[in-house]
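Counting from 1, the numbers follow the sequence of the chain as shown. A quick note: this is a predicted structure, and the numbers were derived from the prediction, not measured.
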Amino acid sequence: MDDTWVSEFLAYLKDERKCSYRTVGDYGRDLKAFGSYVLDLDREITWQSLDKDIVRQWIVDRMDDGQSARTVCRNLSALKSFYRFLLRRELVVKDPVHAVQGPKQGKPLPQFVREREMDRLLDGDYFTQDLAGMQDRLIVLTFYSTGIRLSELVGLNWSDVDFERQSLKVTGKRNKQRIVPFGKELGDELQAHRERLSDGGEDAGLSAPIFRNLKAGGRITNAQVQQKVKYYLSQVTTIQRRSPHVLRHSFATSMLNNKADLQSVKELLGHESISTTEIYTHTTFEELKSMYNQAHPRA
C-alpha cells in the first residue's frame, strides 16, 4: 500500500488543519500499522481496492490481541479521516470505512473510597486542630456528607445554610439550584467552623464564603480544595484518582449500598437524567460481587 498518500494526508493535517504534533504522529502510526496489517494479508491490496470486510477483520484481530475498545476506535477514526481526505482529493472512488462501526466502549466505573476508609480518615488524627486543619476536615466531611460538586462547595456562603432545617442551598450546573439535606455531625461542624472564623477575626456574615483562603483572604479556590482533598485521600486509599469528584462518587455509592433509592440519589446529586445516576448501581454490584468472591467458599 502506497505510503505517498499517507504522507500527503499527514502534511494536510499539519499544514491545513493545524493539528498538533502529537495528533499527526498518532495518525501516522495508526495508518502505518494498518497498512502493515493489510500487506501481511495480501500484498496486492491497495488503498483503492480495500474493502470493508478486511477493515472489520482488522478490528476483530486488534481486539483479540488485547487492545482496548477505546484504542481500536481511535485507530478506526484515523482510517476514516484518511479516507475522507482521499475522497475529497478524488484519489479513490469509494470509502470502505465509513459504514464500519468500532467496538462499543464501556464507561469506566467511577472510583470511590470505601466507607471504612472514610471513617478512618474522618475519625482519625489526620487533621491538625487549628483553624486550617479543622476547615480541611470540614471540606472533606461536606463532600462526603452531601455529594455536592467542587464548584458548589467553593461557592457556598453562610446564607446558603439553613441550620434549622439542616440543609444547604447549592447552585449547580447552568445555575440550577437545589436543596441538599445534611446530618447532625455536619451541622455541628458548620456551626463550630463559623464560631472559629469569628473568633479568628474572619468575616462570618451571611454573605461571606463558608470556606476561606486563610492565608490570602477571600474565598478558597478550586485548586486549593483539589490539592487538599488529594493529600488527605492519599492517607487512607490507594485508588488512582483522589479528587473531590471521587468523594461525590463515594457519597452516592455509600447511599446506594445502604439502601437509598435511585431517584432520591439522583435528586441529591442534581443529575438531569436517572441514567447518569445508574452508573453507581454498577459500582455497588461490583462491590457485592467482590464481597461474594471473597466470602463464599465455592466462589
Within this structure, what is the [atom1]-[atom2] distance for the pair [X] and [Y], rounded to the nearest 0.5 Å?
{"X": "I220", "Y": "L153", "atom1": "CD1", "atom2": "CG", "result": "8.0 Å"}
{"X": "Y144", "Y": "L186", "atom1": "OH", "atom2": "CG", "result": "13.0 Å"}
{"X": "S77", "Y": "D30", "atom1": "OG", "atom2": "CG", "result": "9.0 Å"}
{"X": "L31", "Y": "D3", "atom1": "CG", "atom2": "CG", "result": "9.5 Å"}
{"X": "D136", "Y": "Y126", "atom1": "CG", "atom2": "OH", "result": "15.0 Å"}
{"X": "T277", "Y": "L256", "atom1": "OG1", "atom2": "CG", "result": "8.5 Å"}

[Y]/[X] salt bridge by N-O under 4.0 Å criterion:
{"X": "D119", "Y": "R116", "result": "no"}
{"X": "D95", "Y": "R84", "result": "no"}
{"X": "R196", "Y": "E202", "result": "no"}

Partner of T237 by side chain to side chain contact (heavy atoms under 4.5 Å, CB included), out of E117, M118, R120 =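 Exactly one candidate clears the test, E117.
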Nearest atoms (heavy-atom pairs only) where [X] meets [Y]:
{"X": "P181", "Y": "L268", "result": "CD-CD2, 3.4 Å"}
{"X": "L269", "Y": "A252", "result": "CD1-CB, 3.9 Å"}
{"X": "L197", "Y": "A204", "result": "CB-CB, 4.4 Å"}
{"X": "V55", "Y": "L50", "result": "CG2-CD2, 4.0 Å"}
{"X": "V100", "Y": "K80", "result": "O-NZ, 2.8 Å"}
{"X": "P244", "Y": "V225", "result": "CG-CG1, 4.3 Å"}

With distance as the sole criterion, is a donor-acceptor pair present between the side chains of [X] and [Y] under 3.5 Å?
{"X": "S145", "Y": "T142", "result": "no"}
{"X": "Q224", "Y": "T221", "result": "yes"}
{"X": "D61", "Y": "Q57", "result": "yes"}
{"X": "S68", "Y": "T71", "result": "yes"}
{"X": "Y27", "Y": "R22", "result": "no"}

Return yes if some donor-acceptor pair links the side-chain N/O of [X] with the main-chain N/O of [Y] below 3.5 Å, else return no.
{"X": "D188", "Y": "Q191", "answer": "no"}
{"X": "S49", "Y": "I45", "answer": "no"}
{"X": "Q135", "Y": "R212", "answer": "yes"}
{"X": "T276", "Y": "E272", "answer": "no"}
{"X": "S264", "Y": "A260", "answer": "no"}
{"X": "S250", "Y": "V113", "answer": "yes"}

Listed partners of [X] passing ring pair (Phe, Tyr, Trp, His ring centres under 6.0 Å), at least two apart:
{"X": "F9", "result": "F82, F85"}
{"X": "H249", "result": "H245, Y280"}
{"X": "F251", "result": "none"}
{"X": "Y232", "result": "F127"}

Pairs satisfying salt bridge (charged side-chain N to carboxylate O under 4.0 Å, His left out), at least one member in residues 234-249, at least two apart |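 Pairs touching residues 234-249 that pass the test: none.
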Can you list every salt bridge (charged side-chain N to carboxylate O under 4.0 Å, His left out) pair that touches residues 250-271, not counting sequence neighbours?
->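 Checked against salt bridge (charged side-chain N to carboxylate O under 4.0 Å, His left out) - neighbours excluded - no pair reaches residues 250-271.
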Passes salt bridge (charged side-chain N to carboxylate O under 4.0 Å, His left out), K169 versus D162? Steps please.
-> CA-CA 8 Å; K169 180 176 67 177; D162 188 330; over 6 Å; no
Do [X] and [Y] make a side-chain contact, defined as non-hydrogen atoms from C-beta onward lying under 4.5 Å apart?
{"X": "E8", "Y": "Y12", "value": "no"}
{"X": "L233", "Y": "L247", "value": "yes"}
{"X": "L122", "Y": "R137", "value": "yes"}
{"X": "L131", "Y": "L214", "value": "yes"}
{"X": "R194", "Y": "F163", "value": "yes"}
{"X": "M63", "Y": "P103", "value": "yes"}
{"X": "M134", "Y": "Q129", "value": "yes"}
{"X": "W5", "Y": "Q48", "value": "yes"}

Quick one: list whatever passes side-chain contact (heavy atoms from CB on, under 4.5 Å) with T128, sequence neighbours left out.
->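 Counting only residues at least two positions away or on another chain, T128 forms a side-chain contact (heavy atoms from CB on, under 4.5 Å) with D130.
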Can S20 and T23 be said to form a side chain to side chain donor-acceptor pair (under 3.5 Å), step by step?
-> CA-CA 5 Å; S20 68; T23 297; 3.0 Å; yes
Are more than 12 heavy atoms, taken from residues, nucleotides or ligands other than [X], located less than 6.0 Å from that residue's [atom1] atom?
{"X": "Y231", "atom1": "OH", "result": "no"}
{"X": "Q263", "atom1": "CD", "result": "yes"}
{"X": "R165", "atom1": "CZ", "result": "no"}
{"X": "Q227", "atom1": "CD", "result": "no"}

Show your working on side chain to side chain donor-acceptor pair (under 3.5 Å) between R88 and Y83 and close with a plain yes or no.
-> CA-CA 9 Å; R88 285 194 297 269; Y83 265 95; over 6 Å; no
Salt bridge (Lys or Arg N to Asp or Glu O under 4.0 Å) partners for [X], two or more places apart:
{"X": "D203", "answer": "none"}
{"X": "E115", "answer": "none"}
{"X": "D160", "answer": "none"}
{"X": "E16", "answer": "R89"}

Residue pairs passing the side-chain hydrogen bond (donor to acceptor under 3.5 Å, both in side chains) test where at least one lies in residues 147-158, sequence neighbours excluded |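 Found R149-E152, E152-R178, N157-R219.
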What do the steps show when you test W58 against V38 for side-chain contact (heavy atoms from CB on, under 4.5 Å), and what is the final call?
-> CA-CA 8 Å; W58 165 71; V38 173; over 6 Å; no
